[in-house]
Amino acid sequence: MKLSAFPEEIRPHLLPAPGGKLVYRCLDCREEFGIAQLLYTCPNCGQVLLLHDQKFQQLLDRPPALWHRLFDYRKMLNVPALKGIYRYHEFIGPVIPLEAVVYLGEGHTPMIEVNANLQEQIGLQFFFKNDGQNPSASFKDRGMASALSYIHYLIDQNLASNVLAVCASTGDTSAAAALYAAYLHPHVKSAVLLPHKKVTPQQLSQPLGSGAAVFEIPGVFDDCMKVVERLSEQYPVALLNSKNAWRILGQESFAYEICQDLEYELQHKAVVIPVGNAGNLTAVMSGFLKFYQTGIIGELPKIIGVQSRHANPVYRYYQQTDAARRRFSPVAVKPSVAQAAMIGNPVSMPRVIRLVEQYDRLAGRQRVFFVEVEEQAIMDWQLKANRNGHIACTHGGESLAGLAAAVRQGYLSSREVAVLDSTAHALKFAGFQQMYFEQQFPPEFEISPDRALINTPMLVHPPDLSKVPAPGKPLHGNDLEKFVQRMADEIAGRLKLKKQKI
Ligand SMILES: *Cc1c(COP(=O)(O)O)cnc(C)c1O
Ligand SMILES: [Zn+2]
């Protein structure tokens, strides 16, 4: 819709001008630092940072009803910069001018109601929010759109040039980083560090295809992270891991979209998230908090964080119910099908600890819960989700297994409605499905396939059929007729079909 066609009282707010005053703020010493340079940790004390808008209070000048209408009207605008995560510009990155926004089609992923069959098995109404429908097929694009828009802005301002963007990754971060960096070619180049043999072939193909320098490192993700941190301390590179606070800011859009899709009514709602490095959990809590503090939503939804028993440091931390006695300790991870969350020492843990405390305090009761699930449950629930029309990958399966566990443990009742983060597309992790169907899981995974869920292709080639077509060698006439009829009868036989009377 053209600008002139919008209601007069909305028009002045539709196209956001740069505003706000963003600073990096240290979580420990509370020191604030300007954003003219890339910072990942506090120069004073080394703690992780979050971006803080010093003019956040100004957002309260707009009444909640105006925000609701504004976000809805922005849906109708044909301005590319506002079609993605920057629909929420005032919250996502108010200092970024629209000309600097990198938009590759991320965000506004569909929230799909789960079919009646699966809802009945779980015992409440729920949705998958399909973040696998982002351009690089995972939610990481939300954070990269933000981080690369910021880098683009620095380049435009002559505050940066010839940027080398680096990240460590369990696969999806590097796919997203390489894609968004490639869009800014030749001003930005990218290099990614991956744990050798710990990413899927599909994930590996993505940064290779985008032209990134791809390094495979012995060990697991946590080892790659250490190397990339050292690189960012000693060399002029732009770190794109979720330690980078711009990533968190962009990923807050996931929470804002849920609010908008639910008409800003969050009572009796819960959001279920698989947790690895805990950047996503940080962003989602932070997003709901900002909408709550500005009155855009009147209630904070429950948050259910899910971890596999093979990589569960966050879950373990919250097992101690006495907050004063909680001590964080990293864990050594074991192989997990939720491979993108196979992280023993989450970088965002200090952020999580503070945000959970703030979230529960503002809500006036416990609203954040953690559950642990078995590898077996992750695989089984993923396959069941897929069999009921959903594109969930293993991590979406982890969300669903977590939902089932949360209901079992009484964290959720049948009156509540849940939104599950389906963080990536099933195709990225097709290898785990194959291992399941071919019963090839190495014992460390502790997964034994349920026969009822196994599905394998059936070759149809009746031994009595001497002539079959081959590429470049088609059949004709009687031979073709015999082939078609024989094959149709064979397939009908296997499907136990009865011939219709014509
Ligand atoms: C990165 C990732 C996760 C984990 O998110 P964190 O922010 O690291 O907690 C989960 N699922 C998928 C598919 C991912 O790529
Ligand atoms: Zn500090």
Side-chain angles (χ1 to χ4, degrees), residues 23-33 39-50 109 129-134 136-144 167-177 194 198-200 202-203 206 221-222 225 240-244 247-248 250-252 254 272-286 303 305-308 311-315 333 336-352 354 370 378 382 391-400 402 420-429 432:
V23 291
Y24 297 107
R25 182 192 267 178
C26 174
L27 285 184
D28 260 358
C29 71
R30 313 300 287 174
E31 186 92 23
E32 295 182 351
F33 307 92
L39 275 186
Y40 313 108
T41 49
C42 174
N44 280 353
C45 73
Q47 184 56 279
V48 282
L49 307 164
L50 278 175
T109 52
K129 185 163 167 61
N130 281 344
D131 258 24
Q133 288 178 243
N134 277 300
S136 82
S138 87
F139 76 84
K140 299 293 198 303
D141 294 328
R142 299 176 178 277
M144 290 305 166
C167 67
S169 173
T170 52
D172 292 332
T173 298
S174 62
L194 302 169
K198 288 281 178 296
V199 303
T200 73
Q202 295 82 356
Q203 289 173 315
Q206 292 184 290
F221 167 82
D222 298 288
M225 191 65 215
L240 286 185
N241 279 96
S242 53
K243 202 164 197 183
N244 180 330
R247 285 266 318 272
I248 303 293
Q251 288 173 202
E252 288 175 5
F254 185 82
V272 184
I273 304 166
V275 180
N277 223 1
N280 201 27
L281 174 65
T282 297
V284 172
M285 285 191 291
S286 176
I303 305 279
V306 190
Q307 292 209 295
S308 159
N312 60 357
V314 183
Y315 169 78
V333 293
S336 172
V337 294
Q339 194 166 263
M342 211 178 99
I343 294 172
N345 191 11
V347 160
S348 282
M349 195 62 203
R351 293 166 170 157
V352 168
R354 279 164 185 81
F370 292 91
I378 296 175
Q382 183 213 333
I391 58 158
C393 71
T394 44
H395 309 82
E398 185 176 12
S399 289
L400 182 49
L420 274 53
D421 195 346
S422 181
T423 47
H425 199 289
L427 288 176
K428 284 207 187 211
F429 299 90
F432 291 120

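Counting starts at 1 for both ligands and their atoms, following the listed order. For the numbers below, each heavy atom of this structure counts, side chains included, while hydrogens, waters and symmetry mates do not. If you're wondering where the values come from, they're calculated on a predicted model, not measured in any experiment.
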Which protein non-hydrogen atom lies closest to [atom], naming both residue and atom, and how far is it?
{"atom": "atom 2 (C) of ligand 1", "answer": "Lys140 NZ, 2.4 Å"}
{"atom": "atom 5 (O) of ligand 1", "answer": "Phe139 CZ, 3.4 Å"}
{"atom": "atom 11 (N) of ligand 1", "answer": "Thr423 OG1, 2.8 Å"}
{"atom": "atom 7 (O) of ligand 1", "answer": "Asn280 N, 2.8 Å"}
{"atom": "atom 8 (O) of ligand 1", "answer": "Asn277 N, 2.8 Å"}

- Give me the one residue out of Lys428, Lys140, Gln206, Gln339 that meets side chain to side chain donor-acceptor pair (under 3.5 Å) with Asp172. Lys428
Report yes if [X] has an N/O atom closer than 3.5 Å to an N/O atom of ligand 1; otherwise report no.
{"X": "Gly279", "value": "yes"}
{"X": "Gly276", "value": "yes"}
{"X": "Asp172", "value": "yes"}

- Item | Metal site angle (apex the Zn ion (ligand 2)), SG from Cys45 and SG from Cys42, 10 degrees | 110°
- Is the shortest distance from a heavy atom of Ala278 to ligand 1 less than 4.0 Å? yes
- Task: Quickly, which of Arg354, Arg351, Gln251 forms a side chain to side chain contact (heavy atoms under 4.5 Å, CB included) with Thr282? Name it, please.
- Result: Arg351
- Task: Among Ser336, Ser308, Pro274, find the residue that satisfies the side chain to side chain contact (heavy atoms under 4.5 Å, CB included) test when tested with His395.
- Result: Pro274
- Is the side chain of Ser399 donor-acceptor paired with the backbone N or O of Asp421 at a distance under 3.5 Å, no angle test? yes
- Query: Which atom names give the shortest non-hydrogen contact between Asn345 and Asn277, and what distance separates them?
  - Reply: O-OD1, 4.1 Å
- Leu49 versus Cys26, closest heavy-atom pair with distance: CD2-CA, 3.6 Å
- Decide whether Thr109 and Arg142 meet the rule of one side-chain donor and one side-chain acceptor closer than 3.5 Å. yes
